[in-house]
Amino acid sequence: MTGTLSVDSIDALIEALAAVGYEAERRLATAVFLSLRLQRPLLLEGEPGVGKTELAKALSKVLGRPLVRLQCYDGMEQREALYEWNHAAQLMHMRAQQNHAEPEQLEREIYQQKYLIRRPLLQALESPAPGAVLLIDEVDRADAPFEAFLLEYLGEFQVSIPEFGTVKAVCPPVTILTSNRTRDLNDAVKRRCLYQWMDYPDRERELTIVRAQVPEAGDALAEQVATFVARLRSAPFVSAFSRSPGIAESVEWAKALVALNTLQLDPEVVQDTVGILFKQREDVAALGPLLDALLAPADAN
Ligand SMILES: Nc1ncnc2c1ncn2[C@@H]1O[C@H](COP(=O)(O)OP(=O)(O)O)[C@@H](O)[C@H]1O
Ligand SMILES: [Mg+2]
């Protein structure tokens, strides 16, 4: 097997991820483990803030492979993903040579590799051993033609460049695709990937994350934050909001509460810091009337 697969079991992977600050549940770790073993891309879908992007970063640390990131967006084109020619440099070359070289020779010269600007996909394919971790982030933001363009890469870890022919991976990159599911992805893309749906963490896992990232919060406050956010994301409260807070929001909220010297959550301090949990005016307004119920002791719920 190529690459340095330093994790030989799912448990070892969970442990290695935890050691770099990423708390993975077993189902997710299994999907990652299989994607490494089978050398298949892994598609992670889920709401914003559940840890999709962070997983790719953590995996790059665990495997000791560089992270190459392709952030997708509406209107993204192949040349931004794969390569483009450095037109300015090509033009200068032509100006300098036009009186000295035959047209065919000139054409060969301006399509040299040194005038090629390598974008993330090509960088990942050309990464020397042990190979890269390629993060194709928020692929649902790109359009259908771009997804179609990805098929050759996802299926065979290669791409075709008209001027050179086929570029095949030196080492198959560990490939993570993420989607916030703003739209359904092409079936052909899904068929080439292993798939994992990612949910918000349960209270215990979120507590572990908050404790690890905001140790100064102390156990009592961290517990309250984890409990409060878990309630926000569950019935009946969840239906009152357009979006649930993600893990990043929980962590930032805990930091803010520490900055305000909070020892105990109360309606007032939650109201004062609500802008960290919710970024929609309607959601902020919806929170007020629910505060007493959200802050009630567990046994009274
Ligand atoms: N499993 C996890 N363990 C530790 N921290 C996490 C985990 N998941 C998310 N986080 C934290 O939450 C933040 C947001 O996660 P991110 O990966 O950006 O979400 P997504 O890409 O799904 O929108 C990260 O920067 C990280 O600090
Ligand atoms: Mg992300």
Side-chain angles (χ1 to χ4, degrees), residues 14 17-18 20-32 44-55 57-58 178-181 196-301:
I14 292 174
L17 285 168
V20 297
Y22 192 90
E23 294 297 324
E25 56 164 357
R26 195 167 182 88
R27 236 164 11 124
L28 175 64
T30 305
V32 172
L44 303 173
E45 263 191 340
E47 299 292 321
V50 294
K52 302 182 296 296
T53 302
E54 194 69 21
L55 174 65
K57 294 184 190 166
T178 81
S179 165
N180 290 333
R181 219 193 193 188
Q196 183 64 40
W197 171 259
M198 285 175 71
D199 248 319
Y200 293 111
D202 59 19
R203 200 194 78 99
E204 293 315 308
R205 198 155 58 89
E206 185 139 33
L207 181 57
T208 309
I209 295 168
V210 171
R211 273 204 188 117
Q213 296 192 19
V214 198
E216 63 277 21
D219 283 355
L221 187 60
E223 294 255 6
Q224 291 178 64
V225 165
T227 303
F228 187 89
V229 176
R231 279 188 193 175
L232 271 182
R233 294 188 194 127
S234 60
F237 303 107
V238 64
S239 55
F241 307 105
S242 66
R243 238 206 82 183
S244 294
I247 300 172
E249 282 78 21
S250 306
V251 168
E252 205 185 334
W253 194 40
K255 285 181 184 163
L257 294 169
V258 170
L260 298 174
N261 297 316
T262 309
L263 297 173
Q264 173 83 37
L265 285 183
D266 60 45
E268 197 182 344
V269 75
V270 177
Q271 289 279 23
D272 289 346
T273 52
V274 61
I276 294 173
L277 295 175
F278 293 109
K279 319 279 161 154
Q280 300 277 344
R281 196 174 148 207
E282 292 72 16
D283 290 341
V284 172
L287 184 67
L290 300 175
L291 273 178
D292 286 334
L294 281 162
L295 289 168
D299 50 3
N301 212 15

Please evaluate residues E47 and M198 with respect to the criterion side chain to side chain contact (heavy atoms under 4.5 Å, CB included), reporting the C-alpha separation (whole Å), side-chain torsions for both, the decisive distance (0.1 Å), and the verdict. CA-CA 8 Å; E47 299 292 321; M198 285 175 71; over 6 Å; no
According to side-chain hydrogen bond (donor to acceptor under 3.5 Å, both in side chains), who are the partners of N180, at least two apart in sequence or on a separate chain? K52, E138
First locate atom CG of L287, then atom CD of Q271, and finally report the distance between them rounded to the nearest 0.5 Å. 6.0 Å
Of all residues at least two apart in sequence or in a different chain, which pass the salt bridge (charged side-chain N to carboxylate O under 4.0 Å, His left out) check with E252? none
With Q213, which residues qualify under side-chain contact (heavy atoms from CB on, under 4.5 Å), at least two apart? I209, V251
Salt-bridge criterion met for E23 and R205 (N-O under 4.0 Å): no
For the atom pair CZ (R27) and CD (Q196), what is the distance rounded to the nearest 0.5 Å? 5.5 Å
Applying side-chain hydrogen bond (donor to acceptor under 3.5 Å, both in side chains) to D219 and not counting sequence neighbours gives R211
Which is it for L232 and L290 under the side chain to side chain contact (heavy atoms under 4.5 Å, CB included) test, yes or no, and what are the steps along the way? CA-CA 10 Å; L232 271 182; L290 300 175; over 6 Å; no
Suppose we screen for salt bridge (charged side-chain N to carboxylate O under 4.0 Å, His left out). Which residues come up paired with R243, at least two apart in sequence or across chains? none
Taking all heavy atoms of S244 and all of V238, pick out the closest pair and write down the distance. OG-CG2, 3.7 Å
side-chain hydrogen bond (donor to acceptor under 3.5 Å, both in side chains) with E206: which residues, sequence neighbours excluded? R233, S250
Pairs flagged by side-chain hydrogen bond (donor to acceptor under 3.5 Å, both in side chains) wherever residues 274-294 is involved - sequence neighbours left out: S242-D283
Just how far is it from atom CG of L277 to atom CH2 of W253, taken to the nearest 0.5 Å? 5.0 Å
Gap separating the CD atom of E45 from the CG atom of D199, nearest 0.5 angstrom: 12.0 Å
Only counting residues at least two apart or in another chain, list the ones meeting side-chain contact (heavy atoms from CB on, under 4.5 Å) with T53. K57, R69, L135, D137
Take L17 and L55 through the test side chain to side chain contact (heavy atoms under 4.5 Å, CB included) and record every step on the way to the result. CA-CA 8 Å; L17 285 168; L55 174 65; 4.2 Å; yes
Taken in chain and number order and not counting sequence neighbours, the residues that satisfy side-chain contact (heavy atoms from CB on, under 4.5 Å) with V269 are L257, L260, T262, L265, D266
Any residue meeting side-chain hydrogen bond (donor to acceptor under 3.5 Å, both in side chains) with S239, in chain and number order, not counting sequence neighbours: none
Could you check if a side-chain atom of W197 sits within less than 4.5 angstrom of a side-chain atom of V50, using non-hydrogen atoms only? no
Among all residues two or more places apart in sequence or in another chain, which pass the side-chain contact (heavy atoms from CB on, under 4.5 Å) test with V258? V214, E216, A217, L221
Sequence neighbours left out, what pairs pass ring-ring contact (aromatic ring centres under 6.0 Å, His included) with at least one residue falling in residues 260-298? F241-F278
